[in-house]
Amino acid sequence: MVPSNQTTVVTEFLFSGFPQPEDGIFFFIPLLLIYIFIITGNLTVFFAVRMDSRLHNPMYDFISIFSFLEIWYTSATIPKILSNLISKQRTISMIGCLLQMYFFHSLGNSEGILLTTMAIDRYVAICDPLRYPTIMTPQLCAQLSAGSCIFGFLVLLPEIAWISTLPFCGPNHIHQIFCDFEPVLRLACTDTSMILIEDVIHAVAIIFSALVIAISYIRIITVILRIPSVEGRHKAFSTCAAHLGVFLMFYGSVSLMYLRFSATFPPILDTAIAIIFVVLSPFFNPIIYSLRNKDMKVAIKKLFCP
């Protein structure tokens, strides 16, 4: 904090959502183990798909890219959270805060777009199987994957650029465990009505993506139920169950975090929701994709036991 014209210019933020340092160690070890599992689990899924030629098809390519994004998505927040759990100074610089928000939300946006792409891929595969090879070509899949990442990172640039121009000259306590739009914007020394506009924009994007995915899976389930053979229905359900599970976890935690508008929760509940949002989906993603899929199990075994 630097004095200037009887006001203070904020150069760093202080996180106030953490327990005392002496209690932080009890949360540090479990979170560290979870983070290690997230990294190793998603890396395993990524390399299992890349190393096994039988899995070189659109569905598994999307899964491997999603797992790769999950690694960086969690790395945007968890290492700093771990550091703050055992540190007396729970601070982050202004630039660090903006970068954390940018990468965390850009990667999250990319994942959301990729999940939508995966739902459409399953829709074409099950509802129009004869045309699937000609529609979901390797070139189109590469374009969709790259487009998901590029759009996810570009769409956040104007928002982050706007936040970087705001004056921060008052309190610097972020009531959260990582930098996020709403708690940071509340500290700006300007009209905070923009928070509502931010909430509406995020809510519309989340609801639109969730609706597209939900409609796709409703249509998929309708088609699957018409399959005459029990074995055919089971096979079709098994290929979609993992995607549906990841979709429900991802958008469930996103909804808890960002579809509450002006509703306020007790600080401990806010922190719990943040942990679920940051950790839940990345933790269960490799478990779901490895346990629910026989081909993936075989590929993982080949990866560790050639």
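Computed over heavy atoms, backbone and side chain alike; hydrogens, waters and symmetry mates excluded. Owing to the predicted nature of the structure, the values given are computational and were not obtained by experimental measurement.
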query: Listed by chain and number, what are the side-chain hydrogen bond (donor to acceptor under 3.5 Å, both in side chains) partners of Tyr123, not counting sequence neighbours?
result: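 Applying side-chain hydrogen bond (donor to acceptor under 3.5 Å, both in side chains) to Tyr123 gives none.
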Quick one, [X] and [Y] - any side-chain contact, counting heavy atoms below 4.5 Å?
X      : Y      : result
Ser75  : Tyr35  : yes
Asp121 : Tyr132 : yes
Tyr102 : Leu98  : no
Phe18  : Ser87  : no
Ser148 : Thr117 : yes
Met101 : Phe181 : yes
Ser67  : Asn285 : yes
Glu12  : Ile92  : no

Polar side-chain atom of [X] near backbone of [Y] as donor-acceptor pair, under 3.5 Å:
X      : Y      : result
His56  : Met51  : no
Asp52  : Ala48  : no
Ser209 : Ile206 : no
Thr116 : Gly112 : yes

Would you say [Y] and [X] are linked by a side-chain donor-acceptor pair, where the criterion is simply a distance under 3.5 Å?
X      : Y      : value
Arg50  : Ser64  : yes
His173 : Ser16  : no
Tyr258 : Asp180 : yes

message: Other residues, nucleotides and ligands only: do more than 12 of their heavy atoms fall within 6.0 Å of CZ on Phe153?
response: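 Yes, the 6.0 Å shell around CZ holds more than 12 heavy atoms from other groups.
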- prompt: More than 12 foreign heavy atoms under 6.0 Å from CZ of Phe151: is that the case here?
  reply: no
- prompt: Step by step, would you call Asn84 with Ile177 a side-chain contact (heavy atoms from CB on, under 4.5 Å)?
  reply: CA-CA 9 Å; Asn84 285 332; Ile177 57 175; over 6 Å; no
Straight-line distance of [X] [atom1] to [Y] [atom2], nearest 0.5 Å:
X      : Y      : atom1 : atom2 : answer
Ile135 : Ile120 : CD1   : CD1   : 11.5 Å
Met296 : Leu303 : CE    : CG    : 11.0 Å
His175 : Phe15  : NE2   : CZ    : 12.5 Å

- request: Using the rule that two of Ile, Leu, Val, Met, Phe, Trp, Tyr join whenever any of their side-chain heavy atoms come within less than 4.5 Å, decide whether Leu157 and Ile160 are in one cluster.
  value: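 Looking at the clustering, Ile160 is in the same group as Leu157.
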task: Could you label the plane-to-plane angle of the Phe37 and Phe283 rings as parallel, tilted or perpendicular, counting under 30° as parallel and over 60° as perpendicular?
output: tilted
- prompt: Is the Tyr73 ring parallel, tilted or perpendicular to the Phe250 ring (thresholds 30°, 60°)?
  reply: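 Taking Phe250 first and then Tyr73, their aromatic rings sit tilted (interplane angle of 30° to 60°).
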field: Partner set under ring-ring contact (aromatic ring centres under 6.0 Å, His included) for Phe47, not counting sequence neighbours
entry: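 Residues passing ring-ring contact (aromatic ring centres under 6.0 Å, His included) with Phe47: none at all.
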query: Between Phe66 and Phe62, is the gap from one ring center to the other below 6.0 Å?
result: no
